[in-house]
Amino acid sequence: MPELAEVEVVRRNLVDWWEGRAASEVRLLDEDLPKESAPEQFVDALRHVVTEIRRRGKYLICAFADASSVVFHFRMTGKIIRCASPDVDYARAGWRVDETGWLVFKDQRRLGEARVFEAGEIDEYAPLQRMGPEPEDVTLQHLRDHCSDRRMLKTALLDQSIVAGVGNIAVSELFWRLQFAPGVKCGELTDEQMQALIEEMPRYFNEIIDFSMADEIRYIEEAGAASEKSPFQVYGREGEECPRCFDTIEKIRVGGRSSYFCRRCQR
DNA sequence: TAGTCTGTTAGACA
DNA sequence: CTGTCTAACAGACT
């Protein structure tokens, strides 16, 4: 479930599972996973010691001891999990790390990608170059400078060059928290409302990250009991009660994507 | 069968 | 030039 929070959860896991070590075996199961680089280049890169695993927006960046790096993007259904064998459904690549087991890039829809960069090349990668600030670094001035008054706030927030990492779920959840109408234009919001958004974004992501980390621990401790709890108040809850006013949550299309909201309290 | 989906990008159009 | 919409990518699910 890759929005910023999910990618951050993968990053934190990989710091424990992989950082400081090299894969002893690499299996590329889907040759389409490495984009614009040869399959051998991907396999070779992963054989080096990982020195740092960082996140930028929804991108996961693995830096290796030889100064090369691999950038993963999970798109809609990608993730990296730890398992006993690389032979799992939808696995596109797997690499074995001693004392960890297999790390597997799993991706049902196969829209995800991995890009290999040799020393220095990553600085030229346009999607990272044009990425906006992380949610915690956004300022009122930045938003006012980059969001024209007539643009929908939702569209602006999903634009990764304005804020890094915001996804469609986050927009519904943030708008519910802040009581913003789903189609509100940037120019319709006061500075106070914009400021509230700026403060709510990092709070929201941190809460989802904490929930997801706790959820994984719960999952492991309860030996595979599927997690039923959702950390979301409105996303995916069409027809349910608004947790604030108990009116019915609706689903509409805004900017080409679903928005879930409560008509009564979001105006 | 048709519509939907957590992301991104290119091209058409107003 | 701006902004919005659609299609495409690929597959599973309802």
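Lettering of chains follows the sequences in order, A, B, ..., and the numbering in each one begins at 1.
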Trainee: Taking atom C1' in both dT8(B) and dC1(C), compute the distance separating them and give it to the nearest angstrom.
Mentor: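 Straight-line distance between the two C1' atoms is 22 Å.
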
Trainee: I need the full list of side chain to side chain donor-acceptor pair (under 3.5 Å) pairs touching residues 173-187 of chain A, with sequence neighbours left out, sorted by first then second residue.
Mentor: Arg177(A)-Glu200(A), Arg177(A)-Glu207(A)

Trainee: Side chain of Tyr90(A) only, please: which of dG7(B), dA12(C), dG3(C) is the nearest?
Mentor: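 Closest of the options to the side chain of Tyr90(A): dA12(C).
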
Trainee: State which of dC5(C), dA12(C), dG7(B) makes the closest approach to the side chain of Arg257(A).
Mentor: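 Nucleotide nearest to Arg257(A)'s side chain: dG7(B).
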
Trainee: Residues of residues 52-62 of chain A with any non-hydrogen atom less than 4.0 angstrom from an atom of DNA chain B: list those, numerically ordered, please.
Mentor: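 Within residues 52-62 of chain A, the residues near DNA chain B are Lys58(A).
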
Trainee: What is the separation between atom CD on Glu113(A) and atom C1' on dA8(C), rounded to the nearest whole Å?
Mentor: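 Rounded to whole Å, this separation is 14 Å.
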
Trainee: Taking only side-chain N and O atoms of Arg75(A), does any of them lie within less than 4.0 angstrom of OP1 or OP2 on dT8(B)?
Mentor: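 The answer is no; no side-chain N or O of Arg75(A) sits under 4.0 Å from OP1 or OP2.
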
Trainee: So what does Lys185(A) hit on the nucleic acid, given a heavy-atom distance under 4.0 Å: a base, only sugar-phosphate, or nothing?
Mentor: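 Nothing, no heavy atom under 4.0 Å.
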
Trainee: I'd like the P distance from dA2(B) over to dA7(C), given in whole Å.
Mentor: 15 Å

Trainee: To the nearest Å, how far apart are Leu158(A) CG and dT9(B) C1'?
Mentor: 14 Å

Trainee: Between Tyr59(A) and Phe72(A), is the gap from one ring center to the other below 6.0 Å?
Mentor: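 Not close enough - the centres of the two rings lie 6.0 Å or further apart.
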
Trainee: For dT9(B), does OP1 or OP2 lie under 4.0 Å from any side-chain N or O of Arg130(A)?
Mentor: yes

Trainee: Could I get the full list of side-chain contact (heavy atoms from CB on, under 4.5 Å) partners for Gln141(A), not counting sequence neighbours?
Mentor: Thr139(A), Asp145(A)

Trainee: With sequence neighbours excluded, give me every ring-ring contact (aromatic ring centres under 6.0 Å, His included) pair touching residues 23-47 of chain A.
Mentor: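 Listed once each, the pairs would be none.
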
Trainee: Which nucleotide in the set dT6(B), dT8(B), dG3(C) lies at the smallest distance from any side-chain heavy atom of Asn168(A)?
Mentor: dT6(B)

Trainee: By the definition side chain to side chain contact (heavy atoms under 4.5 Å, CB included), identify the one residue from Asn13(A), Val7(A), Leu60(A) that meets it with Ile80(A).
Mentor: Leu60(A)

Trainee: Would you tell me if any nitrogen or oxygen in the side chain of His73(A) comes within less than 4.0 Å of OP1 or OP2 on dT8(B)?
Mentor: yes

Trainee: Out of Leu143(A), Val138(A), Leu140(A), which residue meets the side chain to side chain contact (heavy atoms under 4.5 Å, CB included) rule with Leu197(A)?
Mentor: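 Checked Leu143(A), Val138(A), Leu140(A) against Leu197(A); only one passes side chain to side chain contact (heavy atoms under 4.5 Å, CB included): Leu143(A).
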
Trainee: Without decimals, in angstroms, what is the distance between Asp107(A) CG and dC9(C) P?
Mentor: 16 Å

Trainee: Which listed nucleotide (dT4(B), dT2(C), dT4(C)) is nearest to the side chain of Lys251(A)?
Mentor: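 That would be dT4(B).
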
Trainee: Taking only residues two or more places apart in sequence, or in another chain, which ones meet Arg263(A) in a salt bridge (Lys or Arg N to Asp or Glu O under 4.0 Å)?
Mentor: Glu250(A)

Trainee: Does a salt bridge link Lys58(A) with Glu3(A), judged by any charged N lying under 4.0 Å from a carboxylate O?
Mentor: no

Trainee: Quickly work out the Gln160(A) CD to dG7(B) C1' distance and round it to whole Å.
Mentor: 8 Å

Trainee: Over how many whole Å does the gap from Leu33(A) atom CG to dG11(C) atom P extend?
Mentor: 14 Å

Trainee: Starting at the 5' end of DNA chain B, write a dot or bracket for each base, bracketing those in Watson-Crick or G-U wobble pairs whose two distances are under 3.5 Å and using | for partners on another strand.
Mentor: .||||.||||||||

Trainee: Given atom CD of Glu238(A) and atom C1' of dT4(B), what is their separation to the nearest angstrom?
Mentor: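 In whole Å, dT4(B) C1' lies 12 Å from Glu238(A) CD.
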
Trainee: Checking all strands, does Arg253(A) fall into the base, sugar-phosphate, or nothing category for heavy-atom contacts under 4.0 angstrom?
Mentor: sugar-phosphate

Trainee: Once you apply a heavy-atom cut-off of 4.0 Å, does Gly112(A) come out as touching a base, just sugar-phosphate, or nothing?
Mentor: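 Gly112(A): no heavy atom of the nucleic acid under 4.0 Å.
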
Trainee: Pair Arg237(A), Tyr260(A) - check side-chain hydrogen bond (donor to acceptor under 3.5 Å, both in side chains), show working.
Mentor: CA-CA 7 Å; Arg237(A) 296 187 181 278; Tyr260(A) 293 84; over 6 Å; no

Trainee: Hey, mind stepping through Asp87(A) and Ser85(A) against side-chain hydrogen bond (donor to acceptor under 3.5 Å, both in side chains) and telling me if it holds?
Mentor: CA-CA 5 Å; Asp87(A) 181 29; Ser85(A) 144; 4.9 Å; no

Trainee: Among dT8(B), dT4(C), dC5(B), which is the nearest nucleotide to the side chain of Met76(A)?
Mentor: dC5(B)

Trainee: Report yes if the distance between the aromatic ring centroids of Phe74(A) and Phe105(A) is under 6.0 Å, otherwise no.
Mentor: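 Aromatic pair counts; centres sit under 6.0 Å.
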
Trainee: Between Arg92(A) (CZ) and dG11(C) (C1'), how many Å, whole number?
Mentor: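 To the nearest whole Å, that distance equals 11 Å.
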
Trainee: What distance, rounded to whole Å, do you find between the two C1' atoms, one in dG3(C) and one in dT6(B)?
Mentor: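 Straight-line distance between the two C1' atoms is 24 Å.
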
Trainee: Please report, rounded to the nearest Å, how far the P atom of dG11(C) is from the CG atom of Leu111(A).
Mentor: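 The distance from CG of Leu111(A) to P of dG11(C) comes to 9 Å, rounded to the nearest Å.
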
